[in-house]
Amino acid sequence: MNIRRVPFDHPDAVKLNDQVQAEYAARYGDGGDATHMDPAHFEPPNGVYLIAYDESDSPVATGGWRAQDANDEGNRDGDAELKRMYVTEQARGLGLARRILAALEEDARAAGRIRMVLETGDKQPEAIALYVSSGYEPCEKFGYYRHYESSRCFAKTL
């Protein structure tokens with residue numbers, strides 16, 4: 001596997017984002033994640049976006065972080081918000097999510113971020129298990145979905 005930094009609007013990122021949105025819609029019965037996302041959010045040093053490619057150079061996993069500071073959606077100064085963690089169905093079980101998560105944490109730490117935060121949902125038990133086993137703990141709700149009962153927020157000190 002080869003993990004590369006790419007812009008959030010790179011064609012492969014768009015392709016994988018469409019897939020994760022379809023999965024959100026299937027699990028939650030709506031149109032996907034409505035959180036505002038801008039490619040500029042993932043430009044270093046205020047964020048990064050990664051894609052893992054398999055041996056045939058096909059994109060199979062993705063994830064990014066973007067800087068957040070204290071705001072009216074519940075973030076704190078120094079937060080790095082994890083976004084769009086996704087592994088294609090055929091590449092699941094290979095440890096790619098864990099590898100991308102570790103690379104994102106390392107990058108955010110190097111950029112001076114203090115805490116990695118994420119929001120997921122109660123219909124994504126695999127994601128919750130990954131984060132908990134990686135040292136994330138439940139935290140106060142933040143972000144677009146903070147008022148939703150199904151929202152689950154986690155944080156880890158970097």
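Partners of His36 under the ring pair (Phe, Tyr, Trp, His ring centres under 6.0 Å) rule, at least two apart in sequence or in another chain, are His41. Remark: Arg99 pairs with no residue by the salt bridge (Lys or Arg N to Asp or Glu O under 4.0 Å) rule, at least two apart or across chains. The salt bridge (Lys or Arg N to Asp or Glu O under 4.0 Å) search around Arg115 returns Asp79, Glu140, not counting sequence neighbours. Residues satisfying the side chain to side chain donor-acceptor pair (under 3.5 Å) test with Tyr148, not counting sequence neighbours, are none.
Annotation for Leu104: hydrophobic cluster partners, listed by chain and number, are Ile3, Val48, Leu50, Trp65, Leu82, Met85, Ile100, Leu101, Met116, Leu118, Ile128, Leu130, Tyr131, Val132, Tyr136, Phe154, Leu158 (ILVMFWY side-chain heavy atoms under 4.5 Å, direct or chained). As a member of the Ile/Leu/Val/Met/Phe/Trp/Tyr network built from side-chain separations under 4.5 Å, Leu96 groups with Met1, Val60, Val87, Leu94.
One N or O on the side chain of Ser133 and one on the backbone of Ala129 form a donor-acceptor pair closer than 3.5 Å. In this structure, the side chain of Tyr145 engages the main chain of Ala34 through a donor-acceptor pair within 3.5 Å.
Side-chain contact check for Tyr86 and Gln21: no donor-acceptor pair (N or O, by modelled atom type) lies under 3.5 Å.
Separating the CG atom in Asp69 from the CD1 atom in Ile114 is a distance of 8.5 Å, to the nearest 0.5 Å. Here the straight-line distance linking atom CZ of Arg152 with atom CG of Asp122 works out to 4.5 Å at 0.5 Å rounding. Between the OG1 atom in Thr157 and the CD atom in Glu137 there is a gap of 8.0 Å [rounded to 0.5 Å]. Of the inter-residue distances, the one linking Glu105 atom CD with Lys156 atom NZ reads 3.5 Å to the nearest 0.5 angstrom. Atom OH of Tyr24 is separated from atom CD of Gln19 by 12.5 Å, given to the nearest 0.5 angstrom. We find the CZ-CD distance between Arg146 and Glu119 to be 11.0 Å, quoted to the nearest 0.5 Å.
Across Ala111 and Pro45, no two heavy atoms sit closer than the pair CB-O, 3.6 Å. Shortest non-hydrogen contact noted between Asp38 and Phe42 is O-CD1, 3.7 Å.
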Exercise. After noting the C-alpha distance and the side-chain angles of Arg84 and Asp33, does the key distance pass the salt bridge (Lys or Arg N to Asp or Glu O under 4.0 Å) rule?
Worked result: CA-CA 10 Å; Arg84 296 298 189 265; Asp33 184 352; 2.7 Å; yes
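Tracing side-chain contacts under 4.5 Å through hydrophobic residues (I, L, V, M, F, W, Y), one never reaches Val117 starting from Met37; they form parts of separate clusters.
Remark: Glu89 CD is loosely packed, at most 12 non-hydrogen atoms of other residues, nucleotides or ligands lying under 6.0 Å away. At most 12 non-hydrogen atoms from other residues, nucleotides or ligands lie less than 6.0 angstrom from CD of Glu106.
With respect to Phe142, the side chain to side chain contact (heavy atoms under 4.5 Å, CB included) criterion is satisfied by exactly one of Glu81, Glu73, Gln68: Glu81. Of the residues listed (Arg113, Arg66, Arg5), the one engaging Asp107 in a salt bridge (Lys or Arg N to Asp or Glu O under 4.0 Å) is Arg5, and it is the only one.
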